[in-house]
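None of the values given here were measured: they were computed from a predicted structure.
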Amino acid sequence: MKPPILANCDALELLERTPSASAALVYIDPPWTTSEENSEDVFTKSRLLSLYLYTASHAKAILSTSGLVVWHVWPGIASNVRNVLDRVFGADFFVTEIILKRSVVRASLAHPHPSHTSLVVYSRSREFSYHAPTKEHADDDVRFRHVDSDGRRYQLADITVAYERPNLRYTWRGHSPKSGRSWRYTQNALEQLYADGYVVVTEERFPRLKVYADERNPLEIGSVWDDIDLPPYERVKGLYSGAQQSLRLMDRVLRTFTNSGDLLVDPFCGTGTSLVAAQQAGRLWIGGDNSLSACETAAKRLATGENGEPEVLTAAALTSRAEPQRKLSELLRGLATPADALSQDIHILIQSSESKTLEFKQTLSLDIRT
């Protein structure tokens with residue numbers, strides 16, 4: 001099964017047919033609620049968790065040695081997802097949790113409405129790609145209150161460090177570092193900075209270093225991505241009325257955790273925002289969704305030049321083209337020993353209904369429900 005592939009199918013059908021160890025990134029953004037009237041019902045939550053367990057197990061299997069899974073969650077179920085991923089990947093392979101700012105669309109009198117969601121990131125191994133996202137400094141930074149003759153803004157910074165190094169304790173232009181401090185630079189380097197106009201020195205004041213606002217390195221954003229103010233959803237005008245992910249967010253995810261030519265797999269791709277971002281960033285992609293209208297919208301968004309719209313494979317076409325690559329039972333058998341918080345895995349499964357991956361059998365020797 002070679003990319004690009006867009007399939008109208010169940011997420012597990014796509015994942016179980018994706019070749020093992022092929023993906024650099026698996027992006028998981030599954031439904032957060034179900035069709036049941038009471039979403040807090042144990043039965044409903046158990047069914048979600050069993051789906052998550054199966055999804056995470058397949059995701060790990062299709063990741064390359066340096067691959068990552070990025071799972072989009074909301075606060076109400078974040079701990080459950082972390083437990084599942086700890087179970088599948090191992091707690092030691094947790095990479096980070098990225099906080100996303102989200103607009104509040106309604107107020108609640110009972111409790112505060114969440115104003116953020118999260119991206120939970122786990123790795124297949126210790127080796128993975130990471131390119132730190134950055135942003136420019138604010139132009140109105142009050143620290144840069146000085147202006148030189150060319151109109152460039154700068155601040156005056158300390159030119160010493162808070163420890164003593166004998167080779168960096170010397171007298172320069174009548175000034176010596178205080179006890180317990182040393183110069184930041186060698187004497188030759190300090191002379192060069194002075195010649196280039198980067199050091200301000202007078203008889204009355206200790207030398208200070210000029211730091212120009214336009215010469216600063218970009219700021220590393222870290223794990224709080226509050227510079228992308230996510231709306232509750234985005235829409236492609238005239239194509240689809242349902243919710244869509246932020247294209248800017250998906251572009252950052254891909255550029256942070258993958259390299260050019262890497263493969264993205266998104267089994268809950270919706271209208272294809274992650275696939276569009278992958279295509280624009282020079283990444284390969286495989287995506288699927290169980291909504292035909294969403295897949296058709298994704299195909300329109302992915303249409304490029306002479307290639308036109310990609311074909312939307314039906315579940316039957318996908319099944320005929322690709323055989324399952326692995327058995328779910330084997331993946332579940334390989335799970336890590338459960339921690340105390342996850343010792344109820346079997347009870348989660350028992351509380352779920354039968355499905356194509358779960359079947360109950362009666363026995364006279366053991367009452368499994370008890």
Under the salt bridge (Lys or Arg N to Asp or Glu O under 4.0 Å) test, residues paired with E215 that sit two or more places apart = R152
request  = List, by chain and number, the other hydrophobic cluster members for V161, where Ile, Leu, Val, Met, Phe, Trp and Tyr join if side-chain heavy atoms come within less than 4.5 Å, directly or indirectly.
outcome  = Y163
message = Using 30° and 60° as the class boundaries, would you call the ring planes of W183 and F206 parallel, tilted or perpendicular?
response = parallel
query = Taking atom types as modelled, is there a side-chain donor on D226 or H116 under 3.5 Å from an acceptor on the other?
reply = no
key: NE2 on H72 to OG1 on T117, rounded to 0.5 Å   = 3.0 Å
query = Looking only at heavy atoms, what is the nearest atom pair of V88 and A56, with distance?
reply = CG1-O, 3.6 Å
request  = Please round to the nearest 0.5 Å and tell me the distance separating atom CG of L249 and atom OG of S274.
outcome  = 10.5 Å
task = State which residues pass side-chain hydrogen bond (donor to acceptor under 3.5 Å, both in side chains) with H146; sequence neighbours excluded, sorted by chain then number.
result = none
query = Taking atom types as modelled and ignoring hydrogens, do the side chains of S20 and Q325 form a donor-acceptor contact shorter than 3.5 angstrom?
reply = no
T134: side-chain hydrogen bond (donor to acceptor under 3.5 Å, both in side chains) partners, not counting sequence neighbours = none
query = Out of curiosity, L263 CG to I62 CD1, how far, rounded to the nearest 0.5 Å?
reply = 7.5 Å
inquiry  = Using 0.5 Å steps for rounding, measure from the CD1 atom of I159 to the OH atom of Y185.
reply    = 6.5 Å
request  = Give, for atom OG of S64 and atom CG of L25, the distance between the pair rounded to the nearest 0.5 Å.
outcome  = 9.5 Å
Residues forming a salt bridge (Lys or Arg N to Asp or Glu O under 4.0 Å) with D10, sequence neighbours excluded = none
message = Holding to salt bridge (Lys or Arg N to Asp or Glu O under 4.0 Å), I want the full list of residues that pass it with E309, two or more places apart in sequence or in another chain.
response = none
Pair listing, salt bridge (Lys or Arg N to Asp or Glu O under 4.0 Å) test, anchored in residues 280-299, at least two apart = none
message = For the backbone of L12 and the side chain of Y54, can you confirm whether one donor and one acceptor N or O come within less than 3.5 Å of each other?
response = no
query = What do the steps show when you test V120 against F94 for side-chain contact (heavy atoms from CB on, under 4.5 Å), and what is the final call?
reply = CA-CA 8 Å; V120 180; F94 167 73; 4.3 Å; yes
inquiry  = Which residues pass the side-chain hydrogen bond (donor to acceptor under 3.5 Å, both in side chains) test with R169, not counting sequence neighbours?
reply    = none
message = We want to know whether T258 and S129 form a side-chain donor-acceptor pair, criterion being a heavy-atom distance below 3.5 angstrom.
response = no
ask   = Which residue pairs pass the salt bridge (Lys or Arg N to Asp or Glu O under 4.0 Å) test when at least one of the two sits in residues 250-267, sequence neighbours left out?
value = D227-R252, D251-R255
query = Is a side-chain donor-acceptor pair under 3.5 Å present for N188 with Q192?
reply = no
query = If you look at every heavy atom in N8 and C295, which pair is closest and at what distance?
reply = CA-SG, 3.8 Å
ask   = What distance do T18 atom OG1 and I286 atom CD1 have between them, rounded to the nearest 0.5 Å?
value = 5.0 Å
request  = For the pair H58 and L14, evaluate side-chain contact (heavy atoms from CB on, under 4.5 Å) and give the outcome as yes or no after the intermediate values.
outcome  = CA-CA 10 Å; H58 276 301; L14 183 69; over 6 Å; no
task = Show your working on side-chain contact (heavy atoms from CB on, under 4.5 Å) between V95 and Y130 and close with a plain yes or no.
result = CA-CA 10 Å; V95 175; Y130 176 68; over 6 Å; no
query = Is a side-chain donor or acceptor of R301 paired with a backbone partner of T271 at a separation under 3.5 angstrom?
reply = yes
request  = Could you pull out all residues at least two apart from T160 that satisfy side-chain hydrogen bond (donor to acceptor under 3.5 Å, both in side chains)?
outcome  = D158, R181
message = Can you give me the closest heavy-atom contact between H175 and T202, atom names plus distance?
response = NE2-O, 2.9 Å
request  = Check salt bridge (Lys or Arg N to Asp or Glu O under 4.0 Å) between R173 and all other residues, then give those that pass, not counting sequence neighbours.
outcome  = E191
query = side-chain contact (heavy atoms from CB on, under 4.5 Å) with L209: which of L156, L190, V200, V199?
reply = V199
key: Closest non-hydrogen atom pair, I28 against T55   = CD1-CG2, 3.8 Å
ask   = Mind checking whether W71 and I99 sit in one hydrophobic cluster, side chains of I, L, V, M, F, W, Y counted as touching below 4.5 Å?
value = no
request  = Can you see which heavy atom on S123 is nearest to which on F89, and at what distance?
outcome  = O-CD2, 3.4 Å
inquiry  = Are the side chains of E164 and P177 in contact, using a 4.5 Å heavy-atom criterion?
reply    = no
Nearest heavy-atom neighbours spanning Q279 and W285 = OE1-NE1, 3.4 Å
query = Considering residues at least two apart in sequence or located in another chain, which fulfil the ring-ring contact (aromatic ring centres under 6.0 Å, His included) criterion with Y212?
reply = Y154, Y198
